[in-house]
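The structure's right below; bear with me while I get my questions together.
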Amino acid sequence: MREIIIDGNEMTTKVEMHDYLKEKFLLPYYYARNLDSLYQILIKESDPVRITIINKDKIALGYGAALGQLFKELAVKNPNYIIEIK
């Protein structure tokens with residue numbers, strides 16, 4: 001199982017957030033640097049992935065809750081995801 005730790009301390013601006021997510025998830029060149037694009041790419045994952053989000057409250061203003069919701073929805077729609085928010 002692939003394990004990914006997402007640290008809010010690394011995503012204090014929108015630009016940093018998308019750079020960080022692209023690196024952590026090895027996103028393709030066509031990633032459009034928005035949450036819809038992130039979801040559309042990640043929903044296709046066929047291998048098990050555990051995502052742990054830490055320091056969610058440090059994520060760029062307004063994006064922490066949206067990102068948390070995105071990952072929760074991923075786990076509902078794709079059983080290959082296990083999400084933990086600390």
Side-chain angles (χ1 to χ4, degrees):
M1 175 181 293
R2 192 166 131 202
E3 296 197 28
I4 298 172
I5 297 174
I6 302 297
D7 186 351
N9 286 325
E10 301 293 328
M11 302 186 291
T12 58
T13 69
K14 184 178 175 183
V15 170
E16 285 178 351
M17 180 182 78
H18 288 293
D19 289 344
Y20 184 74
L21 293 172
K22 184 171 174 120
E23 179 184 318
K24 288 299 245 181
F25 287 100
L26 306 174
L27 297 173
Y29 72 93
Y30 55 84
Y31 169 56
R33 301 175 62 82
N34 63 60
L35 296 182
D36 289 336
S37 180
L38 179 65
Y39 182 85
Q40 290 171 1
I41 293 167
L42 295 182
I43 195 69
K44 298 173 186 174
E45 181 65 52
S46 59
D47 295 323
V49 179
R50 176 185 303 277
I51 299 170
T52 304
I53 302 172
I54 59 174
N55 301 311
K56 186 179 103 172
D57 59 322
K58 303 291 185 186
I59 297 174
L61 184 62
Y63 284 92
L67 194 59
Q69 185 61 36
L70 180 146
F71 287 127
K72 286 179 185 177
E73 192 171 315
L74 262 175
V76 169
K77 303 263 177 151
N78 184 334
N80 290 314
Y81 283 100
I82 299 169
I83 310 300
E84 183 178 9
I85 300 175
K86 294 184 176 182

Legend entry - All pairs passing ring pair (Phe, Tyr, Trp, His ring centres under 6.0 Å) where residues 21-40 contributes a residue, at least two apart: His18-Tyr31, Phe25-Phe71
Inset, instruction - Please collect all side-chain hydrogen bond (donor to acceptor under 3.5 Å, both in side chains) contacts where either partner lies in residues 76-85, sequence neighbours excluded, each pair once. - result: Asn78-Asn80
Legend entry - Co-members of Met1 in a cluster of I, L, V, M, F, W and Y side chains, linked at under 4.5 Å: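 Same cluster as Met1: Ile82.
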Which donor-acceptor pairs under 3.5 Å do the side chains of residues 48-64 make with protein atoms, sequence neighbours left out?
from	atom 1	to	atom 2	distance (Å)
Asn55	ND2	Asp7	OD1	2.8
Tyr63	OH	Lys14	NZ	3.4

Inset, instruction - To the nearest 0.5 Å, tell me how far Ile4 CD1 sits from Leu42 CG. - result: 8.0 Å
Legend entry - Asp19: side chain to side chain donor-acceptor pair (under 3.5 Å) partners, not counting sequence neighbours: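 Listed in chain order: Arg33.
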Inset, instruction - Any chance you could measure Glu16, atom CD, to Leu21, atom CG, to the nearest 0.5 Å? - result: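 Between atom CD of Glu16 and atom CG of Leu21 there are 11.5 Å.
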Inset, instruction - Quick one: list whatever passes side chain to side chain donor-acceptor pair (under 3.5 Å) with Ser37, sequence neighbours left out. - result: none
Legend entry - Within-4.5 Å side-chain heavy-atom neighbours: Glu45 and Arg2: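 With C-beta onward as the side chain, the pair touches.
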Inset, instruction - Check the pair Leu35 / Met17 against side-chain contact (heavy atoms from CB on, under 4.5 Å), numbers first and verdict last. - result: CA-CA 10 Å; Leu35 296 182; Met17 180 182 78; 4.1 Å; yes
Legend entry - hydrophobic_cluster_shared for Leu27 and Val15, side chain cutoff 4.5 Å: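 They do not share one cluster, since no chain of ILVMFWY contacts under 4.5 Å joins Val15 to Leu27.
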Inset, instruction - Any chance you could measure Glu73, atom CD, to Ile83, atom CD1, to the nearest 0.5 Å? - result: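 These two atoms lie 11.5 Å from each other.
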Legend entry - Same apolar cluster (I L V M F W Y, side chains within < 4.5 Å links), Leu38/Ile85: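 Linked within one cluster.
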Legend entry - Atom pair CD1 (Ile43) and CG (Leu70), whose distance is rounded to the nearest 0.5 Å: 8.5 Å
